[in-house]
Amino acid sequence: MASLLSPAAAPVPQARQPLWISSPRAVPHAARLRSGAARQPVRCSAAPGGIPEELLKSVSLENSKGLFSFFSYGLSQLQGIVAGLPEIERWEVLVFVGLSWVYLTARPGVLVGAVDAYLLAPLQLGLDRLLGRRNLRMSDFVLGERLGEGSFGVVYYGAIVPKDVTIEERVGKRRTRLEVDDRFKEKVILKKIKVGTKGAEECGEFEEWFNYRVSRAAPESCAEFLGSFIADRTVSEFTKGGKWLVWKFEGNRNLADYIRDRSFPLNLESIMFGRVLQGTDAIKRNALIIKQVMRQIITSLKKIHDTGIVHRDIKPANLVVTRKGQIKLIDFGAATDLRIGKNYEPDRGLLDPDYCPPELYVLPEETPEPPAEPIAAILSPFLWQLNSPDLFDMYSAGIILMQMAVPSLRSSAGLKNFNSELKTFGYDLSRWRESTRSRPDLSILDLDSGRGWDLATKLISERGNLGRGRLTAAAALRHPYFLLGGDQAASILSRLSLSR
């Protein structure tokens, strides 16, 4: 179930003086979304008509060809310009162009961001309107059980209403068990944005914006967003004028649900691998499952960080586990796009304290208001290099690794005690290990010469000069923890067998 998030602790002044950024008011968290996402887009039956997949593919292909032709034309023009210049001036022009290209393509990607904002976003809007995703209506959906509630929203299991079911039937059958009702084939997750709650409407707007943004930048990392609608009347759980967000259903259990189970991590084994690992002792099986989960989490973080987005609320409750064993990021109500400063305010903390890094904020409090979005985007590579805001999420990923690998940290009380002790030891995991009285079981992390423990110590730490001090997502994926020798891989794969 979704849980309410606690506000961050009191701000801690930062010593660094970065460049810019701030933007529309950030608000606390929305309700926990329980959904998954598929790589392929889904045609909503509630939409009028439909567009053949071949047409969508051809549009995408033509768009790619157009971009390639554009850059090829630009390169040919540049060659023509420098061809008539003296050699020294020619090299000056080429060096300037080269440095400009490096800057514009450096993270978070000024050039890619411009393409997204001025080409891909309008294209997505046009296609969604043709598909009917921007024209969803309250009568298109039926509600099932309530999955959870947060500060600003309530999450429901639901389905798309078939054409042969009347509106009266839809309202009357709101509490029907949709999972066993053959009339409702296309299942969804719906999130009601609370009406009359301060900050809820703004949070809903941000969440919708980020879902569209991530669906273009890293669609495989998040739940597939189908769109939104405004309730046109008050009935049952619907309030006239209230906003609802809709996602494709991929699963209704998140990582927190699995961790709370006593059988964790073996309860994820068949889901993550599609089969049971035979011929391997329990500790190694547990370690392999946890490693697979961590790889997916960090891979998804790398993809959103590469496009300038920091989630700011990475925790097991915001990681949905799909029926196909994929880990998807959900609940972008606290996310910020540091390419343009979207949903960012310097002195506002937006993270569950159990997973919050010691710096409390993704950027220092002294960070000034941002300029207009195009100018902010141009300055964003400086901001990113000076502050490394992506490391904010990586601390949270380290806490998740510890929680999965150390049984005593899987309970709420155990995790709170760990965080209290960690703060006492200056966020130094090695000091904590030497001095803690809890005697934690670290056997999973100590496998393979302590690779897991080494990764944890490089994620859970204070940040040093220039915002460094932790591994980025890209560096973490290169860590020896994720490397597996050929002989080991062959041994494990040879022992895989189907099991019921």
Inset, instruction - Determine whether the side chains of Trp209 and Asn343 contain a donor N or O and an acceptor N or O closer than 3.5 Å. - result: no

Legend entry - Pairwise side-chain contact, Arg323 with Glu250, heavy-atom cut-off 4.5 Å (strictly under): yes

Inset, instruction - Grab the two heavy atoms, one from Leu338 and one from Val362, that are nearest each other, plus how far apart they are. - result: CD1-CG2, 4.1 Å

Legend entry - Inter-residue atom distance Ile327.CD1 - Arg295.CZ, 0.5 Å rounding: 12.5 Å

Legend entry - Candidate pair Trp432 and Phe418, rule ring-ring contact (aromatic ring centres under 6.0 Å, His included), full reasoning: CA-CA 9 Å; Trp432 169 81; Phe418 167 71; 5.0 Å; yes

Legend entry - Ile193 CD1 to Cys203 SG distance, which is reported to the nearest 0.5 Å: 6.5 Å

Inset, instruction - Could you check if a side-chain atom of Ser300 sits within less than 4.5 angstrom of a side-chain atom of Gln296, using non-hydrogen atoms only? - result: no

Legend entry - Over-ring placement of Arg134 relative to Tyr212, 6.0 Å and 45° cut-offs: yes

Inset, instruction - Would you mind checking if Asp232 and Arg137 are paired as a salt bridge, meaning a charged N to carboxylate O distance below 4.0 Å? - result: no

Inset, instruction - Kindly indicate, with the supporting measurements, whether the criterion side-chain contact (heavy atoms from CB on, under 4.5 Å) is fulfilled by Val155 and Ile189. - result: CA-CA 7 Å; Val155 180; Ile189 294 293; 3.6 Å; yes

Inset, instruction - Go through Tyr355 and Gln403 one step at a time and tell me if the side chain to side chain donor-acceptor pair (under 3.5 Å) criterion holds. - result: CA-CA 10 Å; Tyr355 301 88; Gln403 190 176 17; 2.7 Å; yes

Legend entry - Val102 side chain near Leu99 side chain, heavy-atom distance below 4.5 Å: no

Legend entry - Lys/Arg cation over aromatic Tyr481: Lys291, 6.0 Å, 45° cone: yes

Legend entry - The single option from Tyr157, Tyr156, Phe141 passing ring pair (Phe, Tyr, Trp, His ring centres under 6.0 Å) against Phe249: Tyr157

Inset, instruction - Can you sort out the partners of Thr239 under side-chain hydrogen bond (donor to acceptor under 3.5 Å, both in side chains), two or more places apart, ordered by chain and number? - result: none

Inset, instruction - Go through the steps for Asp393 and Arg312 under the test salt bridge (charged side-chain N to carboxylate O under 4.0 Å, His left out), then give the verdict. - result: CA-CA 6 Å; Asp393 285 341; Arg312 292 201 294 185; over 6 Å; no

Legend entry - Heavy-atom pair with the smallest gap, counting every atom of Ala405 and Ile444: O-CD1, 3.7 Å

Legend entry - Residue Tyr118 excluded, over 12 heavy atoms near OH under 6.0 Å: no

Legend entry - Test: Glu462 and Arg470 ion pair at under 4.0 Å: no

Inset, instruction - Might you point out which heavy atoms bring Asp116 and Pro122 nearest each other, and give the distance in Å? - result: O-CD, 4.3 Å

Inset, instruction - Measure the CE-OG distance between Met394 and Ser461 for me, rounded to the nearest 0.5 Å. - result: 11.0 Å

Inset, instruction - Indicate yes or no: at least one non-hydrogen side-chain atom of Phe332 is less than 4.5 angstrom from one of Cys222. - result: yes

Legend entry - Thr197 (side chain) donor-acceptor with Phe152 (main chain) under 3.5 angstrom: no

Legend entry - Leu429 CG to Leu445 CG distance, which is reported to the nearest 0.5 Å: 9.0 Å

Inset, instruction - Give a yes or no on whether a salt bridge exists between Arg146 and Glu237, defined as a side-chain N under 4.0 angstrom from a carboxylate O. - result: no

Legend entry - Residue Arg129 excluded, over 12 heavy atoms near CZ under 6.0 Å: no

Inset, instruction - Under the ring-ring contact (aromatic ring centres under 6.0 Å, His included) rule, what do Phe225 and Trp247 come out as? Steps first, then yes or no, please. - result: CA-CA 4 Å; Phe225 188 58; Trp247 291 263; 5.4 Å; yes

Inset, instruction - May I ask you to test the Leu255-Ile297 pair for a side-chain heavy-atom distance under 4.5 Å? - result: yes

Legend entry - Member of Lys324, Lys303, Lys302 meeting the salt bridge (Lys or Arg N to Asp or Glu O under 4.0 Å) criterion with Glu220: Lys303

Legend entry - His311 side chain to Ile330 backbone, donor-acceptor under 3.5 Å: yes

Legend entry - Donor-acceptor under 3.5 Å (Glu145 side chain, Gly158 main chain): no

Legend entry - Cation-pi, Phe264 ring and Arg410 (6.0 angstrom, 45 degrees): no

Inset, instruction - Apply side chain to side chain donor-acceptor pair (under 3.5 Å) to the pair Gln124 and Ser215, showing each step before the final yes or no. - result: CA-CA 10 Å; Gln124 181 189 49; Ser215 70; 2.9 Å; yes

Inset, instruction - Evaluate side-chain contact (heavy atoms from CB on, under 4.5 Å) for Phe482 paired with Ile298, printing each intermediate quantity in order. - result: CA-CA 11 Å; Phe482 291 110; Ile298 296 178; 3.9 Å; yes

Inset, instruction - Looking only at non-hydrogen atoms, find the nearest pair between Ile399 and Asp354 and report the distance. - result: CG2-O, 3.7 Å

Inset, instruction - Check whether any side-chain N or O of Arg339 sits under 3.5 Å from a backbone N or O of Pro108 as a donor-acceptor pair, and report yes or no. - result: yes

Inset, instruction - Output yes when a side-chain donor or acceptor of Asp128 lies under 3.5 Å from a complementary backbone atom of Leu125, and no otherwise. - result: no

Inset, instruction - Could you tell me whether the side chain of Arg463 and the main chain of Asn387 form a donor-acceptor pair under 3.5 Å? - result: yes

Legend entry - Plane angle bin for Trp244 and Phe229 - parallel if under 30°, tilted between 30 and 60°, otherwise perpendicular: parallel

Inset, instruction - List the steps, then state whether side chain to side chain donor-acceptor pair (under 3.5 Å) holds for Arg213 with Thr307. - result: CA-CA 10 Å; Arg213 176 78 173 81; Thr307 193; 2.9 Å; yes

Legend entry - Short side-chain to backbone donor-acceptor contact, Asn254 and Val320, under 3.5 Å: no

Legend entry - Salt bridge flag under 4.0 Å for residues Glu201 and Lys194: no

Legend entry - Side-chain donor/acceptor of Thr105 to backbone N/O of Trp101, under 3.5 Å: yes

Legend entry - Distance, nearest 0.5 Å, that separates CG of Leu409 from CG of Leu415: 6.5 Å

Inset, instruction - For the residue pair Leu471 and His479, establish whether any side-chain heavy-atom pair is separated by less than 4.5 Å. - result: yes

Legend entry - Approximate separation, where rounding is to 0.5 Å, of Ser228 OG and Lys191 NZ: 13.0 Å

Legend entry - Closest approach of Ser430 to Thr457 (non-hydrogen atoms, all atoms of both residues): OG-CG2, 4.3 Å

Legend entry - Tyr427 versus Lys423, closest heavy-atom pair with distance: OH-CG, 3.5 Å

Inset, instruction - Check whether any side-chain N or O of Asp140 sits under 3.5 Å from a backbone N or O of Leu136 as a donor-acceptor pair, and report yes or no. - result: no

Legend entry - Check: Val321 and Leu268 side chains under 4.5 Å, non-hydrogen atoms: yes

Legend entry - Test: Lys248 and Glu186 ion pair at under 4.0 Å: no

Inset, instruction - State whether the side chain of Lys187 and the backbone N or O of Phe184 hold a donor-acceptor pair below 3.5 Å, judged by distance alone. - result: yes

Legend entry - pair Ile400-Ile314: side-chain heavy atoms closer than 4.5 Å: yes

